[in-house]
Every structure is written in structure tokens, then in C-alpha cells.
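Okay, so here's the structure we're looking at.
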Amino acid sequence: MKILNVGAGLSGAVIGRKLAEAGHDVTVMDSRDHIGGNCHTARDADTGVLVHTYGPHIFHTDDEEVWTYVNGFARFRPFQNRVKTTVQGAVYALPVNLHTINQFFGKTLRPEEARAFIAAQADTTITDPQNFEEQALMTVGPQLYEAFFKGYTVKQWGLAPHLLPASILKRLPLRFTYDDNYFFHKFQGMPEEGYSPMIAAILDHPRITLTLGRSFAAPDAETYDHVFFSGPLDSYFDYELGRLGYRTLDFERFTAEGDYQGCAVMNYGDRDVPYTRITEHKHFAPWETHSRSLCYREYSRAAEPQDIPYYPIRLADEKALLARYVALAQNTPAVTFVGRLGTYRYLDMDVTIREALDTAEMFLQADQDGRAMPAFAVSPL
Ligand code: UDP
């Protein structure tokens, strides 16, 4: 079959590779002039530092098959994300752990003492948290919430935390040990040369044709048997029902001599600091040596039509609109919507790869059984 994958990010590459290996001819098309989508990495000409062009991406997973898969296309180096945060004139470790608690409250608590101390601060009247704020007050209490989560979250999402879902905070653990690894997954690392060479290796197959710098238009689909679309779901329908809301990011790039901040990610929790964090990219590749440094100050705001979409907002209004686009998609034969933008979900890289592998498998199975491939392998709702 002739397959068109719109988008040369992880979804497009992984699906393309699996279908090419099964004997299909795959064209992977991207409107950008590079592969990798928002995982794209490039070496900065000025400093020589490997840059995560669209913000930091750290690979972490419990999925052994996905870990084996990525290691088949790149050499991974061990990497653990240790995030710091500057709040109220002091630097603390994230995620909130025993060190953060002892430092913040000026104490020397042991794990069980800290657990009891935090439990005494937590709001016990909340048993079924309905939003981000309630989730925070229930788990860490008002002081840690105000310091570490409230200001950062207002900057990141542009909304009061009581309007945001509790699920956003659930991404972050609370630990009563000194473990300050941001993630708790079994496998964590970074591709030695960055994500773009890894994705180039995935795309490197004789049955895959890559077309960069070309935007998809509806007539493109006509010459293909099936389309896997990893662009924004609403864009496929020319936004005919309106636009799904996203947060976008502005990066203010600056260079420094030597070491600027001593870590890869420094968050800024205070509301009156306009940026959410500063990332220092050479610390994402600690096996490299560079005399100079490249940093990004990161600002979050509502995405306008011309902006790059980053975080799907997924509040009640967006979900209602999403449901209507899902219905449209389900009436569109021979197109499957995949990935973060195609399904309008926050997706980690490992989940994106897992879903892409499963989607390709589902397609091959449907083809074998003579069944139609659905519009979504995973429901966006
Ligand atoms: N968050 C926060 N303070 C921090 C870091 C994160 O309040 O210092 C909140 C914020 O609302 C954010 C969420 O926790 O959106 C999830 O954080 P994560 O680090 O997973 O954000 P991402 O890497 O997706 O930007």
C-alpha cells in the first residue's frame, strides 16, 4: 500500500518504519525543514552545545520494549533529571522531597516525621480533589503549594489553579526520602547525539521517502491508500469548528561563559518572575565539555494561530470542541490521527512511541483481516 505520514516527529517516524518494514511504501511529510517535531535537537553553531530546540526532552519509561526500541536507533547515555527551583530568594530541590521539606521549614525531620508534619498541614477536608489547587492542598498543604506550585502554575497555564485539573499535579511525585530524581521510571537516559539523529535512523529505510518543508494539503491524501496524520487535529479540518486551545512557549536564548546555573533546569516559582524556568542545554549532555554555555529563558502564553502548539489545554470547553472534531474525524475514511497534536493530549515520548508501535500493528492487522483502520487507535477523549 501507499501510505502518507503527515509529520516527521516520533509518531510519523515510528509508524513509518514499522509499515515500511512490513513492505508498504511510506512518504513522511513535514512542513518544517527538519525532522523530529518538537523533539528536534541541533548543535548550536556558536557554542557547540547540543540544543533541544523546542525545549527539554528527557527520555524516561517503564516500558522495556520501548526502551529496547529506542536503543536500537541511538546510543543512550544515562541521564537523570534533577530539577531545582528558585522561590522567595532560595534554591530548593524538586520534586518536593525530604530535603525540600527540611530546608523550606528549617527542620531536620526523618521520613516518618516529615510525613506526619506534612499530613498535619494538608487539608483533610478534601477527600476527592476536583482541581489542581485542591489536589495540592490535600497532599502538601498551603505553604508548599503557595511556594512551589501556585505561581509557577499560573505562569505555565495562565489560569488560576482551581480551574485546572488535578491530573496536572499528579505528574509530580512527593517524596519522603532524599531522592531528587524528577522521574521515577526504571529506564532513563538521553540519546548521545540528540533526538534528531535517532529519528533520522528510524526514518532511514529504503521504503521511506522523506519530504521536508512541505505543508500537507487535502489533495495530497488522494494518491495514498491511508494517511497517518500527526499534525493538529483541528488543522486537518481547516479549523472549521474553531480552534483547539494550546499553550505555546517563547524561548529567550542567551549565552554565557563557563557554567551559568550549574544544572539543566532551574524553575522559578515566584509569580513576579515572568519566566517559568531557565534551561542550560549543555547540562543535558554532561558527557560533553564546552567552555561556553547556551541557555533558554522559557515563557508560556496562550497560542495564537501562527504559534507553535505545545501544551493542549483540555479544559471543559476544549474537550467539548474536541468531541466534535473527533466525530468529524470518525467520518473521514482512510485517515488515522496520531500523537500529541493528532489526538490533542499531553504525551511523554515513551507513550508516543508505544502508541505509534501499537497503531502500526493495528493497521497491519486490519489490513490482513480486510477491516478498515479507525480514525483513532487511542481515543483522544
Ligand atoms: N509545576 C509547578 N511547579 C514547578 C514545576 C511544575 O507548579 O516547579 C506544576 C505545573 O503546573 C506543571 C505541572 O506541575 O504544569 C507538571 O510539571 P512538569 O514538570 O511535568 O511539566 P512539563 O515538563 O510538562 O512542562
Side-chain angles (χ1 to χ4, degrees), residues 38-39 52 54-61 79-88 90-97 99-101 103-104 129 131-175 180-185 188 190 245-251 261 263-279 284 296-303 308-315 340 344-352:
N38 278 6
C39 304
H52 295 219
Y54 302 95
H57 284 76
I58 296 123
F59 204 91
H60 51 95
T61 190
F79 183 90
Q80 295 191 338
N81 199 23
R82 298 191 194 282
V83 178
K84 305 290 176 237
T85 186
T86 299
V87 290
Q88 300 163 11
V91 177
Y92 300 93
L94 285 181
V96 174
N97 63 68
H99 201 179
T100 325
I101 295 165
Q103 195 190 350
F104 186 78
N131 57 57
F132 186 104
E133 184 164 87
E134 287 186 6
Q135 176 73 28
L137 293 174
M138 184 185 88
T139 46
V140 298
Q143 291 189 63
L144 292 173
Y145 164 58
E146 297 274 340
F148 296 111
F149 301 122
K150 193 174 178 181
Y152 188 97
T153 297
V154 169
K155 291 190 285 185
Q156 173 72 14
W157 293 98
L159 284 169
H162 73 268
L163 299 172
L164 292 165
S167 57
I168 295 179
L169 185 61
K170 287 185 191 153
R171 292 213 286 266
L172 301 184
L174 163 66
R175 298 210 186 98
D180 62 351
N181 186 345
Y182 204 67
F183 304 113
F184 39 80
H185 292 105
Q188 304 184 26
M190 284 285 198
Y246 281 93
R247 299 293 286 175
T248 193
L249 300 174
D250 293 320
F251 299 111
Q261 63 183 14
C263 65
V265 183
M266 175 65 78
N267 287 358
Y268 286 84
D270 296 335
R271 180 71 189 90
D272 56 0
V273 175
Y275 40 89
T276 52
R277 57 185 180 180
I278 297 179
T279 50
F284 290 119
Y296 278 6
R297 256 181 225 107
E298 198 170 311
Y299 300 81
S300 170
R301 62 178 171 80
I308 298 170
Y310 282 81
Y311 296 90
I313 295 178
R314 288 186 75 89
L315 294 176
R340 178 177 60 93
Y344 192 62
R345 287 175 305 146
Y346 179 96
L347 287 185
D348 284 330
M349 290 183 284
D350 63 325
V351 179
T352 308

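Because the structure is predicted, anything quoted here is derived from the model rather than measured. First listed ligand is number 1; within each ligand, the first listed atom is number 1.
Residue Tyr346 approaches ligand 1 through these ligand atoms, each under 4.0 Å from one of its heavy atoms: 22 (P), 23 (O), 24 (O). Contact atoms of ligand 1 toward Gln156: 15 (O) (distance under 4.0 Å to a heavy atom of the residue). Of all atoms in ligand 1, numbered sequentially from 1 with element shown, those under 4.0 Å from a heavy atom of Tyr311 are 22 (P), 24 (O), 25 (O). Against a heavy-atom cut-off of under 4.0 Å, Phe132 is close to the following atoms of ligand 1: 11 (O).
Interatomic distance, Thr153 OG1 to Leu159 CG, rounded to the nearest 0.5 Å: 10.5 Å. Note that CD1 of Ile58 and CZ of Phe284 are 5.0 Å apart. Values are rounded to the nearest 0.5 Å. Here the straight-line distance linking atom NE2 of His60 with atom CD of Gln80 works out to 12.0 Å at 0.5 Å rounding. Atoms OG1 and CD, from Thr86 and Gln261 in turn, are 8.0 Å apart once rounded to the nearest 0.5 Å.
The cationic atom of Arg175 (NZ for Lys, CZ for Arg) does not lie both less than 6.0 Å from the six-membered ring centre of Phe184 and within 45° of the ring axis.
Contacts between Leu172 and ligand 1 below 4.0 angstrom, taking non-hydrogen atoms only, involve the side chain exclusively. Residue-level proximity to ligand 1 for Leu169 is absent, since no heavy atom of it falls below 4.0 angstrom.
Formation of a donor-acceptor pair under 3.5 Å by the Thr248 side chain with backbone atoms of Ile308 is found in this model. Side-chain atoms of His52 come within 3.5 Å of backbone atoms of His57 as a donor-acceptor pair (strictly under, hydrogens ignored). Remark: side-chain polar atoms of Lys170 are not paired, donor with acceptor, to backbone N or O of Gln135 under 3.5 angstrom. Put simply, the side chain of Ser300 gets close to the backbone of Gln156: a donor and an acceptor are under 3.5 Å apart.
Polar contact with ligand 1: present for Tyr182 (N/O pair, distance under 3.5 Å). Remark: ligand 1 and Phe149 share an N or O pair separated by less than 3.5 Å (distance only, no angle test). No N or O atom of Lys150 sits closer than 3.5 Å to an N or O atom of ligand 1. The shortest N or O to N or O distance between Asn267 and ligand 1 is under 3.5 Å. Every N/O-N/O distance between Ile168 and ligand 1 stays at or above 3.5 Å.
Tyr152 CD2, 3.3 Å is the protein heavy atom nearest to atom 2 (C) of ligand 1. Of the protein's non-hydrogen atoms, the one nearest atom 3 (N) of ligand 1 is Phe148 O, 2.9 Å. For atom 9 (C) of ligand 1, the closest non-hydrogen atom on the protein side is Thr153 OG1, 3.7 Å. Looking from atom 20 (O) of ligand 1 to the surrounding protein, the closest heavy atom is Arg171 NE, 3.4 Å.
Taking the six-membered ring where the residue is Trp, the centroids of Phe59 and Phe79 are separated by 6.0 Å or more.
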